[in-house]
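Worksheet: the structure to be examined is printed underneath.
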Amino acid sequence: MHPSAPASRSQGYPRLQILFHWLSVLLMASLALAGGLRDLLVSHTAIDMRSVMVVHIGCGMALLSLTLLRAATRLAGPALPPLAGSSRAQRACAHAAHLAIYGFILGSCFLGWIIVNAKGLRIPVPLLGIYFPRLVEADPALVVSAVRLHEWLGWIFYGLLAVHVSAAIWHHAVLKDDTLRRMSWRRPASVPTPAVADCHRCSQDTEAQNQELPPTDRLAS
């Protein structure tokens, strides 16, 4: 008997979560470009500040909505099993980093929403002809303090993202595990696992009994 050895895959994230993740990356890159480099863009291109901020605010509201949806689908779905060989400390650090990233995204986006409302403006919902609810009334003093906090949160968040990306590269290049591949459209490569032992190899007694059978009835080895 020569059964084929089954293969176990290092389970990847659901396709929807992968899509949400990379859309979030694209939106965060757009936010960084339109927010952190807005003065440079306006000074050296034909783009005006209003257009840059429309892009920044639009990407921020899209990221906020996507993050809430992403969190809901992740909580509703089954938890992904930890990677084999990962320590409890590594899993705790990864969990804390993910919570921090979600917290900074939500906090920064809601703060940006407050800034727009405190300037006396409303944020339209594209294609629907309606507006996002107003969180605060116009308040120039609130704008000053909220903008300062928004900028600080942005820089801290960029640092957190740098650590997150560095950790993913370290897992992929140094530890050579499936941490990064689990968030890829290509599923992690199959890792062969030991086949279930043949019944005639379970013990010496079973093997002896097999030898006592007629040749035509013996289990192949």
Side-chain angles (χ1 to χ4, degrees), residues 13-14 16-42 47-77 79-80 92-168 183:
Y13 285 97
L16 187 60
Q17 283 290 334
I18 295 174
L19 176 63
F20 287 166
H21 176 271
W22 293 112
L23 283 177
S24 297
V25 171
L26 180 62
L27 287 171
M28 284 186 283
S30 301
L31 277 168
L33 183 64
L37 302 178
R38 60 182 181 273
D39 294 329
L40 186 64
L41 289 172
V42 172
I47 304 174
D48 60 275
M49 181 62 77
R50 182 181 182 280
S51 299
V52 173
M53 294 313 298
V54 165
V55 171
H56 184 74
I57 295 169
C59 289
M61 297 307 292
L63 181 61
L64 173 61
S65 304
L66 184 61
T67 302
L68 292 172
L69 183 59
R70 183 180 175 186
T73 55
R74 187 161 184 175
L75 290 173
L80 202 65
C93 288
H95 187 63
H98 286 139
L99 287 179
I101 289 173
Y102 275 96
F104 270 99
I105 290 176
L106 295 176
S108 186
C109 289
F110 271 113
L111 197 56
W113 186 350
I114 289 173
I115 291 170
V116 174
N117 289 165
K119 290 181 177 180
L121 304 173
R122 294 190 299 170
I123 304 174
V125 180
L127 305 178
L128 297 183
I130 59 176
Y131 292 86
F132 285 98
R134 185 185 293 274
L135 300 182
V136 296
E137 296 300 325
D139 186 343
L142 178 59
V143 172
V144 174
S145 57
V147 166
R148 186 178 296 113
L149 180 58
H150 188 62
E151 291 176 347
W152 275 105
L153 282 179
W155 286 113
I156 296 172
F157 182 56
Y158 294 150
L160 181 61
L161 284 181
V163 173
H164 180 66
V165 172
S166 299
M183 194 53 79

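In this structure, CD1 in I123 is found 9.0 Å from CG in L64, a value given to the nearest 0.5 Å. The distance from atom OG of S108 to atom CD1 of I115, rounded to the nearest 0.5 Å, is 8.0 Å. Taking CZ from R70 and CG from L19, the interatomic distance works out to 10.5 Å, rounded to the nearest 0.5 Å. Between I101 atom CD1 and H98 atom NE2 the span is 6.0 Å, to the nearest 0.5 Å. Annotation: the span from L160 atom CG to L153 atom CG amounts to 11.5 Å, rounded to 0.5 Å. Considering CZ of F104 and CG of L161, their distance stands at 10.0 Å, rounded to 0.5 Å.
Remark: T67 pairs with L63, Y102, I105, L106 by the side-chain contact (heavy atoms from CB on, under 4.5 Å) rule, at least two apart or across chains.
When all heavy atoms of L66 and S24 are compared, the pair lying nearest together is CD2-OG, 3.4 Å. Across every non-hydrogen atom of A118 and L142, the tightest pair is CB-CD2, 4.0 Å. Looking at every heavy atom in both residues, Y13 comes nearest to M183 through CD1-CE, 3.5 Å. Across V55 and A34, no two heavy atoms sit closer than the pair CG1-CB, 4.2 Å. For the pair C59 and S30, the tightest heavy-atom approach, listed with the atom from each and the gap, is SG-CB, 3.6 Å.
Residues F20 and R74 form no side-chain contact, since every pair of their non-hydrogen atoms from C-beta on lies 4.5 Å or further apart. With a 4.5 Å cut-off on side-chain heavy atoms, E137 and N117 do not count as touching. Residues M61 and C109 are not in side-chain contact: their nearest non-hydrogen atoms beyond the backbone lie 4.5 Å or more apart. Side-chain contact between R50 and V54 is present, with at least one heavy-atom pair separated by less than 4.5 Å.
Not one N or O on the side chain of D139 forms a donor-acceptor pair closer than 3.5 Å with the backbone of V143. No donor-acceptor distance shorter than 3.5 angstrom exists from the side chain of H21 to the backbone of Q17, with no hydrogens or angles considered.
Using bins of under 30°, 30° to 60° and over 60° for the plane-to-plane angle, the ring pair F132/W113 lands in the perpendicular bin.
Of the listed residues (W152, Y158, F157), just one forms a ring pair (Phe, Tyr, Trp, His ring centres under 6.0 Å) with W155, and that residue is Y158.
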